[in-house]
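Before any comments, here is the structure.
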Amino acid sequence: MTTTDPTLTTWSPGVDATDQLWRWSATEMAGAVATGIVSSREVVQSCLGRIEEVNPELNALVEVRPEEALAMADEADRRRAAGEELGPLHGVPVSIKVNSDQAGYATTQGISAFKDAMANEDSPHVASLRRAGAVLMGRSNSPAFAYRWFTNNDLHGRTLNPWDSSRTPGGSSGGASSAVASGMVPIAGGNDIGGSVRYPAYACGVVGLRPTVGRVAQTYHPDDVDASLSVQSMLVQGPLARTVADVRLTMSALNDFSPRDPAFVPGAHAAARPVRPLRVGLVRDFGPAAPTAAVSASLDQAAGYLSGVGYVVEEIELSVLAEAYRLWYLLCMEEFRLAMPLVNEVGDAGMQKAAEHYYAVAADWWGEKPTLEQFIAGYARRGTLIRQLGAILESHPLILLPVSAEQAFEQDADIASVESMRRLMAAQASMMAIPLLGFPAMSVPTGLANGLPAGVQLLGRRFDENTLLDAATVIEARAGTFTPIDPR
């Protein structure tokens with residue numbers, strides 16, 4: 001298929017109008033709806049049919065209201081026919097994660113005790129999607145409290161990876177990644193404080209972007225609940241999609257101001273374009289875990305694609321990430337320890353076991369009971385690490401590195417044993433290091449290995465998502481796209 005320009009000023013007639021609409025990219029859908037080639041109702045009906053076909057097996061979307069989605073589609077079609085101004089996602093189906101507020105839906109967070117926690121208004125990022133014309137199709141599954149890299153909870157059940165049901169679809173945005181990869185929706189909302197956009201995208205073979213902290217307005221908890229400092233300084237909202245163009249398109253919609261986000265940077269300008277030829281730092285192994293052969297091969301593949309169009313790729317060391325990874329488990333996990341009474345009261349057994357294992361491994365670095373002095377020094381050290389990484393990105397504005405040292409983990413590997421968790425935490429080191437430092441990063445598929453998706457991660461300067469998206473476009477153009485797929 002030929003895709004449209006991300007600005008949606010025109011639509012390419014290269015799209016095969018006889019194809020099943022749910023297979024189209026969001027960019028194609030938006031262009032076709034905006035020009036009247038197809039109606040939003042037709043697109044939404046096609047996606048609802050796909051949901052009905054595959055969701056019973058995958059359990060990616062846990063609440064879908066077809067009549068509500070069709071009503072939104074009809075309103076989108078009415079507005080187009082009336083000649084009203086259209087947003088970049090006009091008439092396009094999008095799913096929302098169960099830990100994000102969406103008016104009229106319970107923000108369950110995958111917890112039985114929260115099944116009736118009805119939201120009275122949208123979170124800012126959800127409101128932005130709505131204003132951009134998106135049709136909100138359903139709620140995507142997440143582990144309890146969005147706490148694991150495995151999407152399973154007592155309220156909604158387990159979500160499966162469409163590539164292999166014995167492997168995780170990732171977490172915590174595993175419902176989002178599974179839904180996008182299997183064609184239920186072209187775009188899904190996710191959030192990331194420990195890899196929860198990038199890792200699910202990687203596990204399911206789609207694209208996922210973690211923006212710069214402050215780039216997308218959000219709220220973290222109900223307005224009467226105080227969010228921890230780590231949540232305020234590290235959590236972001238970001239999209240998952242099947243193509244880089246669709247991620248770019250979604251980001252164009254997620255730029256509205258909101259006074260509800262204390263970390264939001266109003267009117268933040270994109271970073272200046274880096275000097276060409278752009279130097280890329282290839283980081284194969286920064287310490288915690290050596291990449292498998294499949295992961296290393298993906299890095300070589302992506303490096304070759306970038307080199308082929310003029311990027312200068314050089315292997316570098318990046319020890320700052322290893323320190324940041326360990327520091328995440330002090331700052332985030334010690335703040336989360338304050339929530340453990342609630343976790344023990346309402347959290348499911350899987351989450352409680354995962355927490356036990358996280359703390360057991362983190363004790364190797366910080367002790368069983370870290371002190372206030374360690375915690376204060378940790379935040380001071382965080383600022384130093386941010387400066388160090390920023391300086392490295394001046395000479396190498398793009399870093400190419402693994403998403404994880406392994407491909408998608410076996411289901412529930414985090415709760416199998418402390419040693420299994422130790423292996424996973426090391427493999428996922430960049431999932432924690434990058435949020436601690438607040439920089440943007442994205443996961444880009446490169447192909448298949450051992451029957452599972454393979455891919456790479458791109459890390460860039462703050463507020464320089466464009467450089468990431470440009471490089472991801474090069475990789476995608478050479479590697480291709482691998483979804484949507486039927487569950488296997």
Side-chain angles (χ1 to χ4, degrees), residues 1 3-7 25-27 170 173 176-177 180-181 186-188 190 192 195 197-212 215-216 236 238-254 270-271 273-274 276-283 295 298-313 393 396-404 430-431 434 439-448 453-483:
M1 291 185 179
T3 56
T4 66
D5 182 89
T7 63
S25 71
T27 310
S173 305
S177 60
V180 170
I187 296 169
D192 189 316
V197 166
R198 293 162 291 146
Y199 184 64
Y202 171 73
C204 288
V206 298
V207 182
L209 173 65
R210 172 197 162 81
T212 309
R215 171 73 169 76
V216 176
V236 298
L240 297 91
R242 292 191 291 270
T243 71
V244 176
D246 285 359
V247 168
R248 194 188 295 268
L249 177 67
T250 308
M251 289 301 297
S252 74
L254 294 173
R273 289 287 185 176
R276 304 286 173 167
L278 194 150
R279 296 172 68 197
V280 180
L282 170 58
V283 177
V295 172
S298 294
L299 292 172
D300 290 336
Q301 183 181 353
Y305 295 157
L306 294 172
S307 297
V309 296
Y311 289 77
V312 178
V313 181
L393 287 166
H396 292 83
L398 188 66
I399 305 294
L400 172 64
L401 71 163
V403 179
S404 174
S430 72
M431 295 295 93
I434 292 170
F439 289 76
M442 67 183 300
S443 175
V444 187
T446 57
L448 300 177
V456 295
Q457 183 171 198
L458 299 170
L459 164 65
R461 301 174 301 167
R462 284 183 289 182
F463 298 103
D464 193 14
E465 287 83 3
N466 283 333
T467 293
L468 300 182
L469 291 162
D470 291 347
T473 299
V474 171
I475 295 170
E476 180 182 84
R478 292 293 306 275
T481 56
F482 311 95
T483 57

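Because only heavy atoms are used, hydrogens play no part in the values below, and waters and symmetry mates are left out as well, while side chains stay in.
- A donor-acceptor pair is defined here as one N or O able to donate and one able to accept, closer than 3.5 Å; such a pair exists between the side chain of Gln301 and the backbone of Thr446.
- For the atom pair CG of Leu278 and CG of Leu398, the computed distance is 6.0 Å after rounding to the nearest 0.5 Å.
- When every heavy atom of Val456 is checked against every heavy atom of Ser298, the shortest pair comes out as CG1-O, 3.5 Å.
- Annotation: side chain of Leu393 is in contact with side chain of Ile399 (closest heavy-atom distance under 4.5 Å).
- Side-chain atoms of Arg242 come within 3.5 Å of backbone atoms of Val180 as a donor-acceptor pair (strictly under, hydrogens ignored).
- Here the side chain of Arg478 pairs no donor or acceptor atom with the backbone of Tyr305 at under 3.5 angstrom.
- Smallest separation of non-hydrogen atoms from Ala181 and Cys204: CB-O, 3.5 Å.
- Here the straight-line distance linking atom OH of Tyr199 with atom OG of Ser177 works out to 10.0 Å at 0.5 Å rounding.
- Atom CG of Leu469 is separated from atom CG of Leu458 by 9.0 Å, given to the nearest 0.5 angstrom.
- Looking only at side-chain heavy atoms (C-beta outward), Pro445 and Pro453 stay at 4.5 Å or farther from each other.
- Checking Thr243 against Ser25 by side-chain atom types alone, no donor-acceptor pair falls below 3.5 Å.
- Atom CG in Leu209 sits 10.0 Å away from atom CZ in Arg198 (nearest 0.5 Å).
- Side-chain contact check for Leu299 versus Leu400: some heavy-atom pair is nearer than 4.5 Å.
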Phe439 and Leu468: side chain to side chain contact (heavy atoms under 4.5 Å, CB included), yes or no, with the steps?
CA-CA 11 Å; Phe439 289 76; Leu468 300 182; over 6 Å; no

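- In this structure, Gly238 and Val197 approach most closely via the heavy-atom pair O-CG2, 3.8 Å.
- There is a side-chain donor-acceptor pair under 3.5 Å between Thr212 and Glu465.
- The closest side-chain heavy-atom distance from Val283 to His396 is not below 4.5 Å.
- Minimum heavy-atom separation, Asp192 to Arg210: O-NH1, 2.6 Å.
- Across all their heavy atoms, Ala241 and Asp246 have their closest contact at CB-CB, 3.6 Å.
- Checked by atom type and distance alone, the side chain of Gln457 never pairs as donor or acceptor with a backbone atom of Met442 at under 3.5 Å.
- For Pro239 against Thr250, the heavy-atom pair with the smallest separation is CB-CG2, 3.7 Å.
- Here Leu249 contributes atom CG and Thr27 contributes atom OG1; the two are 5.0 Å apart, rounded to the nearest 0.5 Å.
- Proximity of a side-chain donor or acceptor of Ser430 to a complementary backbone N or O of Val403 within less than 3.5 Å is detected.
- Residues Met251 and Pro211 are in side-chain contact: their nearest non-hydrogen atoms beyond the backbone lie under 4.5 Å apart.
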